[in-house]
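These numbers were taken from a predicted model, which means no experiment stands behind them. All residue numbers in this chain count up from 1 along the given sequence.
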Amino acid sequence: MAELDQIWMGLLDQASLRAIANGQHGVADYLRLKLANDTVRQAGVDWLFQTLIDQASKASIDRPQLKIDRVTPHSFKIGTSNMVGSLIQVQHGVRCLSLEAGWVRTPSDGIMRNRALAHARIKHFGMASEDDDFRLIRSDPLPVWIDAEGEEIRADHIQRHLQIFLRG
């Protein structure tokens with residue numbers, strides 16, 4: 001998926017340059033905004049995934065049977081919109097903690113609501129009450145992940161989910 005994203009960003013950049021050459025400055029501005037937003041989205045998703053992977057990797061020192069997998073491409077629903085991105089699964093026996101994150105890629109996927117640049121969901125298999133949804137929003141100076149109450153998601157939030165998973 002990372003290769004596809006790189007190709008997609010290159011195509012957007014080329015299309016923007018063609019639009020400028022053809023005098024279509026409105027189209028070029030839209031394509032540049034799309035490219036900038038996709039770059040921010042990918043960086044936000046990468047941080048979220050890397051945070052979980054790093055923490056799960058540390059936990060695997062004491063739990064060698066802990067398994068970490070990444071599924072790309074992956075899609076999931078937020079409301080009626082289809083998010084396209086990736087999925088990280090941390091497994092320990094029959095237990096599973098999953099983190100999925102992505103955003104709408106095409107108009108047929110739907111729309112991003114509530115100022116979201118991207119959406120993410122943590123799911124605890126068999127413990128739905130512990131599941132959590134996040135959204136990536138613009139903030140100053142950097143975009144932030146927030147939960148449903150508007151609280152910023154930091155590495156300790158991900159650590160808390162991992163601890164719940166490991167206790168179960």
Side-chain angles (χ1 to χ4, degrees), residues 1-9 34-79 81-105 109-168:
M1 186 71 162
E3 291 174 20
L4 275 176
D5 287 337
Q6 294 272 345
I7 292 168
W8 177 247
M9 288 181 181
K34 172 92 173 109
L35 183 60
N37 282 344
D38 285 354
T39 300
V40 169
R41 290 174 172 122
Q42 191 61 56
V45 168
D46 288 347
W47 174 84
L48 202 58
F49 284 161
Q50 197 59 51
T51 300
L52 177 59
I53 290 168
D54 289 349
Q55 292 175 359
S57 294
K58 287 178 188 170
S60 72
I61 293 169
D62 296 327
R63 294 174 175 84
Q65 44 304 65
L66 203 66
K67 182 177 163 194
I68 306 167
D69 287 319
R70 184 176 188 143
V71 177
T72 303
H74 172 75
S75 62
F76 61 102
K77 294 283 190 187
I78 296 289
S81 295
N82 183 53
M83 303 296 137
V84 178
S86 297
L87 166 73
I88 299 291
Q89 291 181 316
V90 182
Q91 295 177 303
H92 188 255
V94 296
R95 305 216 5 91
C96 183
L97 176 69
S98 63
L99 172 60
E100 51 193 356
W103 60 92
V104 297
R105 304 293 171 108
D109 285 332
I111 60 171
M112 301 295 291
R113 297 185 186 276
N114 300 321
R115 303 177 342 183
L117 292 167
H119 282 279
R121 176 176 292 142
I122 288 186
K123 293 198 280 187
H124 294 260
F125 180 73
M127 298 172 61
S129 64
E130 298 295 343
D131 294 355
D132 211 351
D133 286 351
F134 317 132
R135 59 192 162 99
L136 182 67
I137 62 166
R138 290 200 182 276
S139 186
D140 191 30
L142 296 170
V144 295
W145 286 99
I146 61 171
D147 63 14
E149 289 78 36
E151 295 296 319
E152 186 174 340
I153 302 303
R154 298 178 188 263
D156 60 332
H157 192 93
I158 305 302
Q159 181 66 36
R160 183 181 66 79
H161 279 285
L162 186 61
Q163 292 304 317
I164 291 168
F165 164 71
L166 294 172
R167 278 195 315 255

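- Neither side chain, His157 nor Asp147, offers a donor N or O lying under 3.5 Å from an acceptor on the other.
- Looking only at atom types and distance, the side chain of Gln42 has no donor-acceptor partner in the side chain of Asp38 under 3.5 Å away.
- Contact between Gly85 and Arg105 at its shortest, heavy atoms only, is CA-NH2, 3.9 Å.
- Using a 4.5 Å heavy-atom cutoff, the side chains of Met83 and Val104 are in contact.
- Listed here is the closest heavy atom pair of Ala120 and Ala101: CB-CB, 3.8 Å.
- No more than 12 heavy-atom neighbours from other residues, nucleotides or ligands sit within 6.0 angstrom of CZ on Arg154.
- Between Arg138 and Arg115 there is no side-chain heavy-atom pair separated by less than 4.5 Å.
- Side-chain contact between Leu99 and Phe49 is present, with heavy atoms from C-beta onward closer than 4.5 Å.
- In this structure, NE2 in His161 is found 13.5 Å from NZ in Lys123, a value given to the nearest 0.5 Å.
- A 4.5 Å side-chain heavy-atom check between Ile137 and Val144 finds at least one atom pair inside the cut-off.
- Taking each heavy atom of Gly44 and Leu136 in turn, the nearest pair found is CA-CD2, 4.1 Å.
- Using a 4.5 Å heavy-atom cutoff, the side chains of Trp145 and Leu117 are not in contact.
- A salt bridge links Asp133 with Arg121: the closest approach of a Lys/Arg side-chain nitrogen to an acidic carboxylate oxygen falls below 4.0 angstrom.
- For the residue pair Leu48 and Phe134, the shortest heavy atom distance occurs at CD2-CD1, 4.3 Å.
- Using a 4.5 Å heavy-atom threshold, the side chains of Ser86 and Val45 count as separate.
- When atom types are taken as modelled, the side chain of Gln55 and the backbone of Ala155 share a donor-acceptor pair closer than 3.5 angstrom.
- For CZ of Phe125, the number of neighbouring non-hydrogen atoms (other residues, nucleotides, ligands) closer than 6.0 Å is 12 at most.
- Counting heavy atoms of neighbouring residues, nucleotides and ligands inside a 6.0 Å radius, atom NZ of Lys77 exceeds 12 of them.
- Rounding to the nearest 0.5 Å places CG of Asp46 at 10.5 Å from OG1 of Thr51.
- Residues Leu166 and Leu66 are in side-chain contact: their nearest non-hydrogen atoms beyond the backbone lie under 4.5 Å apart.
- Rounding to the nearest 0.5 Å gives a distance of 7.0 Å between CD of Glu100 and CD1 of Ile78.
- Within the model, atoms CG of Leu52 and CD of Gln89 stand 11.0 Å from one another, a figure rounded to the nearest 0.5 Å.
- In this structure, Gln50 CD and Ile158 CD1 are separated by 12.5 Å, a value rounded to the nearest 0.5 Å.
- With rounding to the nearest 0.5 angstrom, the CD1 atom of Ile122 is 12.0 Å from the CZ atom of Phe165.
- In this structure, the side chains of Arg135 and Met112 stay at 4.5 Å or more apart for every pair of heavy atoms.
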